[in-house]
Structure formats: C-alpha cells, structure tokens
Amino acid sequence: MENPPEWGDGGRGRRVVVIGGGVAGSLIAKSLQFDADLTLIDPKDYFEIPWASLRATVEPLFAERSLIHHKDYLANGRHIVSEVTNITNKEVLTADGHQVTYDYLVVATSHYYPLPVTRTDRLEEYQTENEKIKAADSILIVGGGPTGVELAAEIAIDFPQKKVTLVHDGSRLLEFIGPKASDKTLEWLKNKNVEVKLMQSVDLSNSTNNSSENRTYFTSSGETIRADCHFLCTGKPPGSEWLRETYLKDRIDNFGRLKVDENLRIKGHRNIFAVGDITDIKELKQGYLAQKHALVAAKNLKPLMSGGKESKLAIYEPRPSPKIIVSLGRQDAVAQFSFTTIIGLVPGMIKSKDLYVGKTRKKMGLQPK
C-alpha cells in the first residue's frame, strides 16, 4: 500500500488534487477548499448539473442556472482548465504542460462525454440544439433509457405538434427500474403521441438524405423511419480510458471502473480516492449518490490530512435506491419507491418543475435562483 505523508498539525497546506469537475468532483472541491491547498483539474471552465440538460435542450434559458462557472463556488482553490494525460505516485500531468504535485488525489471523471470548454460555448450549443428541434417536423430519438425517455417527454410537452419516434434495442423502456414503471412510462409516451419501437436498433451511419432536411433511417428489423433530425441517447462509457496507461492502470475492473474500498479509497492506495460513477460500487449510477460519495470522501480526507487515525474513517455503505424518479416533461414523472410505483403530478412535483437545480445550487453555496 502507498503510504500518505505523516503530519501532526492541521490539514492546511496539504496538496489535494481533484480530477474531474462533475457532480462529485465539484462538490468535493468545494468541501475541501478551506482545508487544503486544493487544485481542481477539469477540461471545462464550468460545472453542469447533468440531470437538467434535457430541459435546457427545449428551453435554453434553463441552462443559465444549471451551468455554473467553477470560480463561482471555488473561492479558495486553483482551477486548471485542461485534460489530464498521466498520473504518477506523486504528480498529475496535464495536456497543457502542468505538473501538479499531490499529497492526496481524488479521481472523479465520471463518464466520457466531450463538452465545450467554455460555459458560453455550452450555452450556444443548447441554443443550436433548440433551433434544430424547432426547425424539425419529425424527430428520431435513439435509446430508451432515462436520457431518451426524458428528452422524448420534454419535446412531446413543449412541441406537441412534432412527430417524435423513440427506438430502443431493449424489450422495455427504463430497464434499470421495474417493469411496472416501464409500462406506465410507455403508456404515458403513447398518450402524448410518441411512437415507441422496442427491440430494434438504428444504424445512424446508414441514413440517407431525401432532401435538405428529411432523412430516412433504417432499423435492425427492416423498418423505415423518416425524420428531420435525430438525437443519440445511448449510454456513455466510463471516463477511465485515459487511466489505462497510468499509475492506476491495475485498479480498473472489466467494466472500466476504479476499484474502491469501503472508505472510497482506490484499493491499494491510502492517499488516492475515487468518487462518483467512475467507482465500482454496486449501486445505480445516480447524481445524488455521487454527491454522497463526495461528502464521505471529503469527511475522510480532513482527518487524514491532519494525521488522524485511519480507524476513524467513515464507511460508505451502498444501499438500494429508496426512490428513482424519471421526469416526464414539466409536470409529470414516473417514480419507483420501495413500496409502490406511481406516475403523474405527484412525483412530478418532487422533481420535474425545477429538476433539483435550486437544491443543487444551494448545496454548492449559491443562490437557488
């Protein structure tokens, strides 16, 4: 096991590097900024609340609150806007030439999903996506997980006159939750005139242009779909490919996730943590669980930095998710609780109106509005 440095006084001055400024990385950086010499390395100058992104596609102004400059919550830390290219046992190397020495390291690179570097460019991207939807009479969505379902619902509510087709290669929508929730969601979408095709895939490289806009897409079962544009909403790979040539290459499992212990430290390393979707913790990959990882890891780093006993470290206990809520437009949602599954306005009141954006901003120390 790698030994962390030994100190007897407070944690200030201990060099903590956080790689990745997503849900977990940004929260741990915020939590530790006054307890350590903190550096956040992220290829963007902003943190995006990911579960708000589909609302921002149909209403670009919504992104004004869900895209947060790192500097807005990081008052006492350094932020390097760059990709990380390598990790050694004491340094993090970046694409723009920084060599950042660490005493403690946190890996929080979530999923691989390239985004614009600046908040301004991301806002423009939402504007472009929105114009694409507005200009289209027919829209194809590929993927029936939470992203595809939520996008289909957002478009169906905001643009009811548009023809929306959702194609999914599974036997039911939202396969990560129970069949009852899937059935209720399918019924809801059909009632909103969304055409759903299950057990089929679409070869997007094989689509043909009929005109300047309308395209023809072919499904795996030989069906033809005509649509003016498409959105690909399939799963994103873990953000770990870059780690395969680094000091941590032996700590990646077969699914591309980092193996962590009960304290959220990477196995075999006493001073390196991993949090969020990049970990191999057996639980659903949900934003609020990634935030819980961040808070447990921050709680553990504080005593470690000041020479505290390892026996006192907090243990992260994965639990079955007590509630799963998938937003369906601005008012409705489908919710699976431990005791029942419901759809409509009641679960919608919990999530769909604001998509937890105000709550998340508050957690980051910012005004909800």
Side-chain angles (χ1 to χ4, degrees), residues 18-31 33 40-74 77 79-84 106-130 132-133 143 145-148 150-151 154 231-240 242 275-278 285-295 325-327 351-369:
V18 178
I19 304 173
V23 174
S26 60
L27 185 56
I28 201 166
K30 177 200 172 288
S31 304
Q33 61 181 319
L40 171 68
I41 306 175
D42 188 63
K44 317 179 302 303
D45 71 8
Y46 59 94
F47 155 56
E48 173 158 14
I49 301 173
W51 48 86
S53 64
L54 303 168
R55 178 69 49 82
T57 306
V58 298
E59 184 195 339
L61 279 176
F62 196 77
E64 291 285 354
R65 289 169 58 234
S66 63
L67 298 178
I68 300 163
H69 272 124
H70 289 308
K71 63 179 170 59
D72 289 348
Y73 66 84
L74 203 58
H79 173 220
I80 296 172
V81 182
S82 184
E83 300 274 355
V84 171
V106 182
V107 182
T109 46
S110 188
H111 290 92
Y112 176 70
Y113 185 52
L115 289 169
V117 173
T118 71
R119 181 179 181 274
T120 304
D121 285 349
R122 182 62 167 147
L123 287 169
E124 282 180 14
E125 196 171 73
Y126 279 126
Q127 197 64 50
T128 303
E129 299 275 84
N130 183 251
K132 184 166 108 173
I133 292 171
T147 305
E150 290 194 358
L151 181 59
E154 292 283 349
F231 289 90
L232 181 62
C233 299
T234 51
K236 303 174 188 77
S240 60
W242 65 280
V275 291
D277 291 358
I278 193 88
K285 302 300 179 186
Q286 292 182 286
Y288 83 97
L289 293 176
Q291 289 174 325
K292 284 189 173 181
H293 293 188
L295 295 174
I325 304 178
V326 176
S327 174
K351 180 180 179 183
S352 299
K353 186 179 178 185
D354 190 55
L355 299 174
Y356 306 133
V357 170
K359 190 176 175 183
T360 306
R361 287 180 62 85
K362 209 170 169 184
K363 197 170 272 189
M364 298 303 290
L366 303 170
Q367 289 293 326
K369 297 294 180 189

For this session: For L295 and L27, run side chain to side chain contact (heavy atoms under 4.5 Å, CB included): C-alpha distance rounded to whole Å, both residues' side-chain angles, the deciding distance at 0.1 Å, then the answer.
Result: CA-CA 8 Å; L295 295 174; L27 185 56; 4.0 Å; yes
For this session: Please identify each residue that fulfils salt bridge (charged side-chain N to carboxylate O under 4.0 Å, His left out) with E59, with sequence neighbours left out.
Result: R330
Problem set entry | E83: partners by side-chain hydrogen bond (donor to acceptor under 3.5 Å, both in side chains), with sequence neighbours left out | none
For this session: Sequence neighbours left out, what passes side-chain hydrogen bond (donor to acceptor under 3.5 Å, both in side chains) with Q127? Give chain and number order.
Result: none
Exercise. Hey, does L74 have a side-chain heavy atom less than 4.5 Å from the side chain of L40?
Worked result: yes
Exercise. Heavy-atom distance under 4.5 Å between the side chains of L355 and F62, does that happen here?
Worked result: yes
Problem set entry | Rounded distance [0.5 Å steps], NE2 in H69 versus NE2 in H79 | 10.0 Å
For this session: Find out whether K359 and P368 are in side-chain contact, i.e. whether some heavy atom of one side chain is under 4.5 Å from a heavy atom of the other.
Result: no
Exercise. Does the pair W51 and V23 meet the rule for a side chain to side chain contact (heavy atoms under 4.5 Å, CB included), with working shown?
Worked result: CA-CA 10 Å; W51 48 86; V23 174; 3.7 Å; yes
For this session: Check whether any side-chain heavy atom of E154 lies under 4.5 Å from a side-chain heavy atom of S327, and answer yes or no.
Result: yes
Exercise. Quick one: ring pair (Phe, Tyr, Trp, His ring centres under 6.0 Å) partners of F231, sequence neighbours excluded?
Worked result: none
Seminar exercise, completed: Rounding to 0.5 Å, atoms NZ (K132) and OG1 (T57) come to a distance of 9.5 Å
Problem set entry | For P116, side-chain contact (heavy atoms from CB on, under 4.5 Å) partners two or more places apart | Y46, D121, R122, E125
Exercise. Does S66 use its side chain to pair, donor to acceptor, with the backbone of E48 at less than 3.5 Å?
Worked result: no
For this session: Evaluate the side chain to side chain contact (heavy atoms under 4.5 Å, CB included) criterion for residues T109 and S240: first the C-alpha distance (whole Å), next the side-chain angles of each, then the deciding distance (0.1 Å), finally the verdict.
Result: CA-CA 7 Å; T109 46; S240 60; 5.7 Å; no
Problem set entry | Any Y113 side-chain heavy atom under 4.5 Å of K236 side chain | yes
Exercise. Does some side-chain heavy atom of L123 sit less than 4.5 Å from a side-chain heavy atom of L67?
Worked result: yes
Seminar exercise, completed: Quick note, salt bridge (Lys or Arg N to Asp or Glu O under 4.0 Å) partners involving residues 62-72, not counting sequence neighbours, are E64-R119, R65-D354
Exercise. Between CD1 of I41 and CD1 of I19, what distance do you get to the nearest 0.5 Å?
Worked result: 5.5 Å
Problem set entry | Qualifying residues under ring pair (Phe, Tyr, Trp, His ring centres under 6.0 Å), relative to H111, sequence neighbours excluded | none
Exercise. Do S53 side-chain atoms and I49 backbone N/O form a donor-acceptor pair below 3.5 Å?
Worked result: no
Exercise. Does any non-hydrogen side-chain atom of C233 lie less than 4.5 Å from one of L151?
Worked result: yes
Exercise. Should I325 and Y356 be marked as a side chain to side chain contact (heavy atoms under 4.5 Å, CB included) after you check the CA-CA gap, both sets of side-chain angles, and the distance that decides it?
Worked result: CA-CA 11 Å; I325 304 178; Y356 306 133; 3.7 Å; yes
For this session: Could you list the residues that satisfy side-chain hydrogen bond (donor to acceptor under 3.5 Å, both in side chains) with Y73, not counting sequence neighbours?
Result: H70
Exercise. Who pairs with K44 by salt bridge (charged side-chain N to carboxylate O under 4.0 Å, His left out), at least two apart in sequence or on another chain?
Worked result: D42
For this session: Under the side-chain hydrogen bond (donor to acceptor under 3.5 Å, both in side chains) rule, collect the residues that match up with K351, sequence neighbours excluded.
Result: E150
Seminar exercise, completed: F47 and G21 have their tightest heavy-atom pair at CD1-O, 3.6 Å
Problem set entry | Which residues share a salt bridge (charged side-chain N to carboxylate O under 4.0 Å, His left out) with D45, sequence neighbours left out | none
For this session: Only counting residues at least two apart or in another chain, list the ones meeting salt bridge (charged side-chain N to carboxylate O under 4.0 Å, His left out) with R361.
Result: none
